[in-house]
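Lettering follows sequence order; numbering is per chain, from 1. FYI, side chains are in, hydrogens and waters are out, and symmetry mates aren't considered; it's all heavy atoms of this structure. In this text, all values refer to a predicted model and were calculated from it rather than measured experimentally.
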Amino acid sequence: MTADATSAEARDTHPGGLAAVLRATEIDTRLLGMVGALALIWIGFHLYGAIVNGFGTFLTPRNLWNLSVQAASIGIMATGMVLVIVTRNIDLSVGSVLGVCAMAMAIMQVWVLPEMLGLGHPAIWVIAVLTGLATGTMIGAFHGYLIAYLQIPAFIVTLGGLLVWRGAAFFMARGETIAPVDSTFALLGGGPYGAIGAAGSWIVGLLACAAVVLLLLSARKQRRRFQFPLRPVWAEILLAVIGCAAIIGFVLTVNAYPWPIGIVRQFAERTGVAIPEGGLFISHGFAIPVLILMAVGIAMTVLITRTRFGRYVFAIGGNPEAAELAGINTRWVTLKIFALMGFLCGLSAAVASARLNSATNSLGSLDELYVIASAVIGGASLAGGIGTIYGAILGALVMQSLYSGMVLIGFDAAAQQIVVGTVLVVAVWIDQVYRRRTV
Amino acid sequence: MSTSSAATPLVEMRDISIAFGGVKAVDRASLELYPGEVVGLLGHNGAGKSTLIKILSGAYARDAGQIFIDGQEARIDNPRDAKAYGIETIYQTLALADNVDAASNLFLGRELLTAWGTLDDAAMESQARQVMGRLNPNFRRFKDPVKSLSGGQRQSVAIARAIHFNARILIMDEPTAALGPAETAQVGELIKQLKREGIGIFLISHDIHDVFDLADRVTVMKNGKVVGSARTSDVSKDDVLGMIILGKCPPGAIPGPGAAS
Ligand SMILES: Nc1ncnc2c1ncn2[C@@H]1O[C@H](COP(=O)(O)OP(=O)(O)OP(=O)(O)O)[C@@H](O)[C@H]1O
Ligand SMILES: [Mg+2]
């Protein structure tokens with residue numbers, strides 16, 4: 001072991017280019033590939049705008065901020081889809097379940113609760129959100145029951161669910177659009193007021209940097225305690241620098257996007273602040289939906305890597321029969337996975353309907369495809385047993401970047417569909433090739 | 001019969017039957033196992049050995065018959081029930097989750113947790129190193145998914161899992177099929193040691209020499225039926241071969257329902 005460590009140390013003190021850096025830092029090449037693809041998409045769209053329209057609009061704080069907000073809804077659901085796909089299942093119903101949950105929340109806060117509590121009551125948004133989460137969880141658990149205990153294939157159950165819940169969303173409000181949502185609830189969707197501002201963003205960013213450093217240090221301590229080979233110190237420092245730079249870059253970006261003039265004027269009138277010459281620069285900072293996605297990402301990562309439940313999810317995905325023979329209650333685990341997926345649909349519904357400030361019966365249409373594509377592009381294998389949360393979130397960012405970029409440069413819907421479909425197939429093909437070469 | 005008067009059997013399977021579609025994989029099979037005893041289960045391919053012991057381990061639900069543990073009728077409907085009775089199994093197919101590492105497989109379903117309720121991977125790995133050291137001292141690859149291990153290494157992981165949790169009844173379905181001579185000898189030693197600790201062992205093997213070395217009694221199956229049982233001291237290897245191939249019960253053995261008349 002120690003011999004191993006010293007030889008690794010010796011090998012890495014003379015880094016011969018990228019390969020040596022990758023080996024020493026143990027950065028997963030898949031992660032690198034995704035970041036590269038993302039950079040390519042961003043720069044590509046920006047240059048396209050710059051060359052064809054005379055100005056690039058993609059790499060602007062405004063667009064990147066919007067991108068982060070738009071990716072949140074899909075990203076939240078994609079983290080749950082990872083678990084579904086890892087266990088060799090699929091969930092085609094997430095978009096429709098989102099629709100029903102959004103309807104339930106809207107009906108609660110627009111029709112039911114104002115009558116009972118009075119308009120603008122501070123508890124309305126809480127009760128509405130809980131209603132949405134409960135609705136999603138129950139629908140998911142019901143799907144899970146049909147799949148795990150009645151042994152109906154997930155593809156069929158959720159294909160049925162796709163139709164049933166879309167229809168249900170229509171019936172709940174007879175096809176009407178329900179608006180506007182509660183004003184506190186609306187903050188969950190972002191917007192100038194639904195963001196935490198410059199100071200708040202710095203606090204979040206610095207906490208995240210501290211967390212990165214602490215994680216690296218504690219991992220190193222663990223490795224030393226069990227005498228596993230250590231990364232060279234320069235590699236640890238490089239990782240810390242890259243991690244913190246990415247976080248700080250994100251903070252700078254969201255802080256560089258100011259409130260629009262109209263909102264600033266409104267705000268100034270309300271608070272009595274005088275607007276100085278040249279305008280008042282008030283940063284958006286991180287949007288609340290983005291913070292929700294981050295929290296979900298962290299919680300789900302802990303869940304699948306550090307808990308029994310997560311271990312069982314992967315064991316079932318690797319070999320369902322072995323998991324059962326090892327004494328795991330595989331049906332119960334499957335039911336819980338689908339219930340969790342439903343819960344995340346409810347959360348995502350809160351974000352999506354808050355952003356729109358309304359619930360329509362078509363909210364979430366086609367989301368299932370984007371969510372599945374995000375998880376798969378992020379490395380979840382449909383053969384089961386493999387998948388990561390960070391991959392799914394990056395996948396959601398890739399999908400949303402493609403989509404927003406095409407809207408920005410004026411591609412029409414038909415061209416968008418062709419591009420998104422092609423990218424999905426090509427991404428999975430590249431993944432297959434990559435896997436064959438590394439495993 | 002002489003042994004049954006001495007003590008209550010650890011395990012008694014009585015008139016067990018199971019059919020898959022039209023195939024009677026096991027047909028009115030009965031079997032006993034006493035504490036500290038090794039019973040070899042023999043028979044041609046497809047005789048029903050694995051199916052019979054999978055009923056004991058909770059993997060299959062039987063169509064008919066009863067199981068007694070320590071003389072009490074036992075309810076075994078799934079693998080969790082069997083483990084609760086102290087029955088541990090090394091399956092012929094090994095039953096490992098290929099995408100997770102050796103320690104995770106060893107503790108699958110019985111993970112060690114930290115005070116926070118999270119997985120204690122460090123503790124699991126250190127215990128895994130100890131138990132694997134008993135079986136396969138050269139084994140180093142604790143961090144790799146078991147998919148990337150050799151057949152023998154995988155088998156060692158499956159054996160380690162079965163012996164680590166203080167089994168009272170151990171089922172070994174061809175445990176040495178993929179092992180090299182040194183590792184096979186190690187498993188032989190292990191069986192003798194476990195036997196001294198009073199554990200009852202069902203050993204399924206096609207190697208009749210191994211079975212005669214290790215087993216106190218043998219039971220032979222043919223086409224799902226028990227041909228007969230005998231103490232290894234009362235019969236010769238040729239007698240047992242005759243039971244396996246022809247279904248002919250020699251004088252020293254107790255005939256079962258499958259004995260050719
Ligand atoms: N899950 C199953 N479904 C259908 N048939 C099965 C199943 N499991 C076993 N069988 C059948 O039951 C019979 C007994 O199989 P079993 O695996 O018990 O044989 P075995 O004695 O262990 O053979 P081997 O020495 O080859 O391991 C065979 O005819 C087999 O085809
Ligand atoms: Mg067998």
Side-chain angles (χ1 to χ4, degrees), chain A residues 1-5 26 85-88 149 218-219 221-229 298-299 301-333 379-388 435 438-439, chain B residues 54 57-60 77-85 87-101 103-114 116-126 128-129 140 142-148 154 157-158 161-162 165 171 173:
Chain A
M1 276 294 145
T2 41
D4 252 44
E26 297 169 21
I85 290 179
V86 163
T87 49
R88 307 184 183 189
Y149 290 90
S218 84
K221 207 174 95 190
Q222 279 283 2
R223 286 185 184 215
R224 178 164 306 128
R225 188 147 72 93
F226 292 97
Q227 306 194 332
F228 298 146
I298 293 169
T301 302
V302 170
L303 183 71
I304 70 167
T305 58
R306 307 283 352 129
T307 70
R308 263 195 182 148
F309 174 74
R311 177 74 32 99
Y312 294 171
V313 167
F314 279 88
I316 292 172
N319 187 344
E321 195 200 343
E324 181 72 35
L325 292 177
I328 296 171
N329 193 342
T330 56
R331 294 179 174 195
W332 179 229
V333 173
S381 160
L382 290 166
I386 302 173
T388 58
R435 231 167 242 161
T438 50
V439 177
Chain B
K54 276 180 156 183
S57 75
Y60 288 152
D77 293 332
N78 57 46
R80 288 182 292 288
D81 293 345
K83 282 175 203 270
Y85 283 109
I87 301 173
E88 292 291 333
T89 311
I90 299 156
Y91 292 97
Q92 193 170 8
T93 55
L94 304 185
L96 299 173
D98 282 327
N99 55 335
V100 300
D101 62 21
S104 306
N105 265 293
L106 222 152
F107 285 91
L108 197 56
R110 290 179 281 213
E111 289 75 10
L112 303 178
L113 299 180
T114 62
W116 299 77
T118 58
L119 295 173
D120 193 346
D121 280 323
M124 288 194 269
E125 188 173 328
S126 99
R129 282 176 190 274
R140 289 276 173 277
F142 288 93
K143 281 275 180 256
D144 299 319
V146 297
K147 174 171 51 193
S148 64
R154 290 161 52 86
V157 174
R161 171 166 68 184
F165 293 96
I171 300 169
D173 195 348

A:Arg311 vs B:Asp121 side-chain heavy atoms within contact, under 4.5 Å: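 With C-beta onward as the side chain, the pair touches.
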Given that the side chain runs from C-beta out, which part of [X] has a heavy atom under 4.5 Å from chain A: side chain, backbone, both or neither?
X        : result
B:Glu88  : neither
B:Leu113 : side chain
B:Leu96  : backbone

Could you tell me the separation between the [atom1] atom of [X] and the [atom2] atom of [Y], rounded to the nearest 0.5 Å?
X        : Y        : atom1 : atom2 : value
A:Ile316 : B:Leu108 : CD1   : CG    : 9.0 Å
A:Thr307 : B:Glu111 : OG1   : CD    : 9.5 Å
A:Ile328 : B:Asn78  : CD1   : CG    : 12.5 Å
B:Asn105 : A:Asn319 : CG    : CG    : 9.0 Å

Among B:Lys54, B:Arg80, B:Arg161, who wins on heavy-atom pairs under 4.5 Å with chain A?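 Among B:Lys54, B:Arg80, B:Arg161, the one with the most close pairs to chain A is B:Arg80.
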Give me the atom names and distance for the closest heavy-atom approach of A:Gly327 to B:Lys83.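 It is N-CE, 4.0 Å.
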Quick check: closest heavy atoms across B:Asn99 and A:Gly318, and the distance to 0.1 Å?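 Minimum heavy-atom separation between B:Asn99 and A:Gly318: OD1-CA, 3.2 Å.
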Quick one: what part of A:Phe314 sits under 4.5 Å from any heavy atom of chain B, side chain, backbone, both or neither?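 Both the backbone and the side chain of A:Phe314 come within 4.5 Å of chain B.
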